[in-house]
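Lettering of chains follows the sequences in order, A, B, ..., and the numbering in each one begins at 1. Note that these values count all heavy atoms, side chains included, but never hydrogens, waters or copies made by symmetry. Since the model is a prediction, treat every value here as computed from it, not as a measurement.
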Protein chains: 2
Amino acid sequence: MARAGLNAERLTLAAAELADEVGVENVTVSALARRFGVKDASLYSHIRNAHDLRVRLALLALAELADRVAAALAGRAGKQALAAFADAYRAYAGQHPGRYAAAQLRLTPEEAAASAGRRHVEMTLAILRGYEVPDAEQVHAVRLLHSTFHGYVTLERSGGFDHSGDVETSWSRVVDALDAALLNWPASG
Amino acid sequence: MARAGLNAERLTLAAAELADEVGVENVTVSALARRFGVKDASLYSHIRNAHDLRVRLALLALAELADRVAAALAGRAGKQALAAFADAYRAYAGQHPGRYAAAQLRLTPEEAAASAGRRHVEMTLAILRGYEVPDAEQVHAVRLLHSTFHGYVTLERSGGFDHSGDVETSWSRVVDALDAALLNWPASG
DNA sequence: TATTTTGCCTAATGGTCCTAGGCAGCTTAC
DNA sequence: GTAAGCTGCCTAGGACCATTAGGCAAAATA
């Protein structure tokens, strides 16, 4: 019998495709084995267990997202940079809902350290350089941006906005509001 | 043998407790049956299936959250109301992480119509009455508020903020930023 | 070519979800 | 107060998923 040529990377990539097609919750060791035409047990030479697979998937998604954002950010500053970050972030979640959902997995400190999480924070801090946010306030500003972006795309994806109204306009209002908040930080009131 | 006295409500409540104790992902028909000292199959006279259980749990959580927010909102307006909403929302997620997570389940239109989702929107609109947001802009403002609150508590819960910095200060900055956004809506820039 | 490594296999266990059909405890009717 | 029926929880059993142990054959190496 010919071998299927499996390895951890190929499995992770296939898991990512599967996630986008059928949702993270359906990314299972069995489904993955089926996709490669091998038995479930065969995957355990390459991944430790199902959780290990999900961690790899999360790391893949975080890295891809960081790449997208970095590309969007190149050569931009100020509100241009903010909007580019926002749009790239939202576009990734829209094009890769399964991967985006997978990226929300809670990581251990070691896993987080090996992840692109740091790059996300660095890029957000880069945006703040276009504004005049005091150093001591930057953590809070980063949290506001992440929270808002994450909350928006999550609700948009999960159908929280279904009923009515233009989501594109809502999104630009969100970006405008964040821009204003950064301009007036921390005297936002 | 004495009967356990099961019914859909008791099961849903127990599922909610289970969710807060061990996480939504571990709220399983088996675990619930174990908690009542009955066999798995016995639950199927009361709930249609595992998904039905999760829907009931989501509806419970949405209703509880709406109650909390309504109580916090009573007699307040303007920024007071905004902060009360925000704090009640965040407190619920903090005290009932499993229920809060369960409330994020994607509902069908019929389920959503029977849910407290409408109340959430109504209460958010009530907050806007303390500001001067044009009618046509209210949808967008509601989305900004929901996105930001949801994003923040989700990231806070999932450990996205672990490393450093005062989360209470971050939270008040978030509320301040939203207050400012509503005061200047839609000329946020 | 002989040897080692390694990849995928079979076999088996235990957990979860779910259906079908049975029997006993509770309810109601007389 | 007992007989009838309803209902609740049961046993039995199927399908799918996660995982481990041990085997054999294909690749890699000597």
Side-chain angles (χ1 to χ4, degrees), chain A residues 1-60 98-99 101-102 104-108 111, chain B residues 1-60 98-99 101-102 104-108 111:
Chain A
M1 295 295 276
R3 295 191 182 183
L6 304 179
N7 58 52
E9 292 93 303
R10 285 192 64 194
L11 288 176
T12 307
L13 201 56
E17 292 165 4
L18 202 52
D20 287 336
E21 291 166 17
V22 300
V24 230
E25 64 281 1
N26 294 314
V27 173
T28 153
V29 175
S30 305
L32 203 52
R34 228 173 283 132
R35 175 170 280 232
F36 281 99
V38 301
K39 298 294 175 181
D40 300 9
S42 304
L43 302 195
Y44 290 87
S45 324
H46 308 285
I47 55 168
R48 223 197 325 271
N49 51 39
H51 180 252
D52 177 41
L53 177 67
R54 277 175 212 118
V55 171
R56 289 172 188 270
L57 178 51
L59 297 179
L60 171 77
R99 295 178 203 219
Q104 307 310 317
L105 184 73
R106 185 167 196 154
L107 299 175
T108 66
E111 290 161 352
Chain B
M1 296 296 275
R3 296 191 180 182
L6 305 179
N7 58 52
E9 292 91 305
R10 285 192 65 194
L11 288 176
T12 307
L13 201 55
E17 291 165 5
L18 202 54
D20 287 335
E21 290 166 16
V22 300
V24 229
E25 63 281 0
N26 294 314
V27 174
T28 149
V29 175
S30 305
L32 204 51
R34 229 174 281 131
R35 174 170 279 232
F36 281 98
V38 301
K39 298 294 175 180
D40 300 8
S42 305
L43 302 196
Y44 290 88
S45 323
H46 308 285
I47 54 168
R48 226 198 324 270
N49 52 38
H51 180 252
D52 178 41
L53 177 66
R54 277 176 212 118
V55 171
R56 288 171 188 271
L57 178 51
L59 296 179
L60 171 76
R99 295 177 202 219
Q104 307 310 318
L105 184 74
R106 185 168 196 155
L107 299 175
T108 67
E111 290 162 351

query: Given L105(B) and V55(B), is the side chain to side chain contact (heavy atoms under 4.5 Å, CB included) satisfied, shown in steps?
result: CA-CA 7 Å; L105(B) 184 74; V55(B) 171; 3.8 Å; yes
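Under the 3.5 Å distance criterion, the side-chain polar atoms of S42(B) are left unmatched by any main-chain donor or acceptor of V38(B). In this structure a side-chain-to-backbone donor-acceptor pair under 3.5 Å is missing from Q104(B) to A101(B).
A sub-4.0 Å separation between OP1 or OP2 of dT7(D) and a side-chain N or O of H46(B) is absent.
We find that CZ of R10(B) is positioned 13 Å from P of dG8(D), with the value rounded to whole Å. Computed from coordinates, the N7(B) CG to dT7(D) P distance equals 15 Å when rounded to whole Å. The distance between atom CG of L32(A) and atom C1' of dC17(D), rounded to the nearest whole Å, is 13 Å.
Expressed to the nearest 0.5 Å, how far CD1 of I47(B) lies from CZ of R54(B) amounts to 9.0 Å. The CZ atom of R10(B) sits 10.0 Å away from atom NE2 of H46(B), with the distance rounded to the nearest 0.5 Å.
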task: Summarise how protein sits on nucleotides 10-19 of chain C as a single string, 5' to 3': B when a protein heavy atom is under 4.0 Å from the base, S for sugar-phosphate-only contact, - for no contact.
output: BB----SSBB
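Between E17(A) and R35(A) a salt bridge is recorded (basic side-chain N to carboxylate O distance below 4.0 Å).
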